[in-house]
**Student:** 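The structure follows.
Note that ligands are numbered from 1 as they come in the structure, with each ligand's atoms numbered from 1 the same way. Positions are given from 1 along the sequence.
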Amino acid sequence: MLVIQGGAALQGDVTVEGAKNAALPIMAAALAVRGDVRLGCVPDLVDVHTMTQLLQSLGAEVDRSTPNSAVINADNAQGHVADYELVRRMRASICVLGPLLARHGRARVSLPGGCNIGHRPIDLHLKGLAALGADLRIEAGYVIATAAQLRGAEVDLSGPHGSTVTGTCNVMVAAALAKGQTVIRSAACEPEVVDVGRFLINAGAKISGLGTPVVEIEGVDSLTGSAHKILPDRIEAATFAIAATATHGSIRLKNVRPSDLTSVTNALSAMDVEVSSTVDELRISTPRQLKPANITARPFPGIPTDTQAQFMALLATIRGRSVVTDGVFPDRFMHASELLRMGAHIRRVGASAVVTGGTRLSGASVMASDLRASAALVIAALTADGESQIRRIYHLDRGYAGLETKLNALGANVRRESDRQQPSAVKAPHYSSQSARQRTDS
Ligand code: UD1
């Protein structure tokens, strides 16, 4: 668990890692590439290790001996089965479906199953791959996909809550090696999807329209090894920016792309936070008084759903009434009940959470329910009176590299202690025991 003594304002510089949500689909896409794929800025996370294990289980060679890099060679990867034991640890395992199908004409991938942030179907992934000519069926908890020859087609990936990020990646990789032209309508525009597209282009794919809802792909015969640097993690950057704001601190974020964070910085500015940026840095400086705000998570360029919980923790500290809504995962409010235990006033009203902030939070023993909920609890604990114990922090290790080291360098008082409830999860990264736990992704 993390033991956090609240009260210190975060001050100083912090360097952001490469983006988890780009690294995972790009590593998966390497299955469809011949020769060495050299990736830089790969974050040292439990999820990245799980993806490494998944690729290795499929027969790929993955060398992660150099920090923050990965060299993947899938030339001899003959496997096409992504086993439940690995997939259940990490939802993003579904990203191997498109690459396996493109590479072998067949794939058998365990269905990821339920999750703590809400209903997470994969119907749009299947719809997209079916449009390219794949034959898909669900059997014994697995998606079984076959295609003698993938063929380009037009497909619309819009769902009830927008497009699908990993679904767009799956269809894009399959289409890159299909015969003829594919047009993806309602493609996800998230920067991580663009990064996957750029990776594929470096490997020889012909893709245009990245970052727009209409992505066009002209199939090629093969993709060949290339080098790619993973883009900075906008969710990690936003988490630190929100933490600095909540503690009335002042920090400089290095290795960021400010344009990926506009919705977040606009929301902070509306609360009266001073935000300034250069090409790859962001400065956050907080006045004594902050204004409440209404936050609605939406697909990019909206406020990311992966920052909604962190914003809720921040708003719980700001005097006045704020409203938080999640337009991507409408039921993603598990963190609210733990924040209540720290003294926050949060009420669910319809599809929103109404936060009446301003009462000082008090340290408590709380339980993390998913990755970003954990980050919200850390933020609340940093602002609280007294000491908090945050349990089940294996969620944090899935998505934040060296979080306590970084926070302590900014002046926080955070230590990792063994937790009898999770005796094998106290060191990051820790992999083997995760399979025994419920996987929750974000
Ligand atoms: C990715 C991110 C996750 C983020 C999410 C939304 C990775 C590894 N994970 O997850 O951190 O929270 O995007 O930005 O990149 N949906 C369907 N049918 C589908 C697929 C999705 O209805 O086939 C719905 C989902 O229930 C959700 C919305 O579409 O309401 C967006 O989900 P999606 O973009 O697919 O999330 P992931 O790609 O799984």
Side-chain angles (χ1 to χ4, degrees), residues 18-29 43 45-48 50-51 54 87 89-98 109 111-131 136 138 143 155-173 184 186-197 213 230-231 233-236 238-239 260 263-264 296-310 325-332 334-335 351 370-375 395 398-400 439-442:
K20 168 180 89 74
N21 287 353
L24 299 175
I26 287 174
M27 290 175 76
L45 299 170
V46 170
D47 273 7
V48 168
T50 305
M51 182 57 82
L54 179 54
V87 174
R89 288 195 224 166
M90 182 182 70
R91 227 196 126 74
S93 305
I94 194 68
C95 291
V96 300
L97 179 60
V109 178
L111 281 167
C115 156
N116 273 358
I117 69 172
H119 182 48
R120 295 184 77 173
I122 59 158
D123 57 306
L124 297 170
H125 298 237
L126 304 185
K127 175 185 173 191
L129 296 172
L136 296 136
I138 309 288
V143 180
V155 58
D156 188 322
L157 291 182
S158 59
H161 305 294
S163 185
T164 165
V165 171
T166 50
T168 302
C169 296
N170 260 331
V171 176
M172 213 159 56
V173 180
I184 306 179
S186 303
C189 301
E190 270 66 9
E192 295 76 18
V193 176
V194 176
D195 211 40
V196 174
I230 307 287
L231 88 168
D233 195 320
R234 64 195 169 105
I235 307 300
E236 186 197 9
T239 302
D260 291 347
S263 60
V264 171
T296 300
R298 298 225 182 272
F300 191 82
I303 293 174
T305 172
D306 288 350
T307 64
Q308 180 260 105
Q310 299 91 311
T325 311
D326 198 319
V328 180
F329 293 110
D331 294 320
R332 188 177 196 174
M334 294 284 285
H335 40 283
D370 69 67
L371 168 53
R372 307 305 169 184
S374 318
H395 293 297
R398 291 189 32 239
Y400 293 93
R439 174 211 28 77
T440 54
D441 288 63
S442 51

**Student:** If you look at every heavy atom in P301 and S263, which pair is closest and at what distance?
**Tutor:** O-CB, 3.2 Å
**Student:** Considering residues at least two apart in sequence or located in another chain, which fulfil the salt bridge (charged side-chain N to carboxylate O under 4.0 Å, His left out) criterion with E192?
**Tutor:** R234
**Student:** Geometry only, no angles: is L124 polar-contacting ligand 1 at N/O separations under 3.5 Å?
**Tutor:** yes
**Student:** For G18 and P43, work out which heavy atoms get closest and say how close.
**Tutor:** O-CG, 3.3 Å
**Student:** Short N/O distance, under 3.5 Å, between R120 and ligand 1?
**Tutor:** yes
**Student:** By number and element, which atoms of ligand 1 are closer than 4.0 Å to a non-hydrogen atom of H125?
**Tutor:** 23 (O)
**Student:** Looking only at heavy atoms, what is the nearest atom pair of A297 and T305, with distance?
**Tutor:** CB-CA, 3.6 Å
**Student:** For ligand 1, which part of V328 has a heavy atom less than 4.0 Å away: the side chain, the backbone, both, or neither?
**Tutor:** both
**Student:** Can you give me the closest heavy-atom contact between C95 and T166, atom names plus distance?
**Tutor:** SG-CG2, 3.6 Å
**Student:** Answer yes or no for P121: is there a heavy-atom contact with ligand 1 below 4.0 Å?
**Tutor:** yes
**Student:** Have a look at ligand 1 and work out which part of R298, if any, has a heavy atom under 4.0 Å from it: side chain, backbone, both or neither.
**Tutor:** neither
**Student:** Which ligand 1 atoms are under 4.0 Å away from a heavy-atom of H161?
**Tutor:** 30 (O)
**Student:** Look at ligand 1 and say whether E192 reaches it with a heavy atom at a distance under 4.0 Å.
**Tutor:** no
**Student:** Do the side chains of R398 and D370 get close enough for a salt bridge, i.e. N-O under 4.0 angstrom?
**Tutor:** no
**Student:** Identify the two heavy atoms, one from P330 and one from H161, that lie closest to each other, and give their separation to 0.1 Å.
**Tutor:** CG-CE1, 3.4 Å
**Student:** Can a donor-acceptor pair be found, under 3.5 Å and without considering hydrogens, that links the side chain of K127 to the backbone of V155?
**Tutor:** no
**Student:** When rounded to the nearest 0.5 angstrom, what distance separates CD1 in I235 from CG in D306?
**Tutor:** 4.5 Å
**Student:** For a quick test of reading the model, state the closest non-hydrogen atom pair linking S163 to T168 and the distance between them.
**Tutor:** OG-OG1, 3.5 Å
**Student:** Which atoms of ligand 1 have any heavy atom of R332 under 4.0 Å away?
**Tutor:** 12 (O)
**Student:** I want to confirm something. Looking only at heavy atoms, which of G399, S163, A297, G159 is nearest to atom 29 (O) of ligand 1?
**Tutor:** S163
**Student:** What part of T166, side chain, backbone, both or neither, has a heavy atom within less than 4.0 angstrom of ligand 1?
**Tutor:** both
**Student:** Between D306 and ligand 1, which residue portion shows a heavy-atom distance shorter than 4.0 Å: side chain, backbone, both, or neither?
**Tutor:** side chain
**Student:** Can you find an N or O of T305 that's nearer than 3.5 Å to an N or O of ligand 1?
**Tutor:** no
**Student:** Would you say V165 and ligand 1 have an N/O pair spaced under 3.5 Å apart?
**Tutor:** yes
**Student:** Give the atoms of ligand 1, by number and element, whose distance to some non-hydrogen atom of A92 is under 4.0 Å.
**Tutor:** 8 (C)
**Student:** Quick check: does G167 get an N/O under 3.5 Å from an N/O on ligand 1?
**Tutor:** no
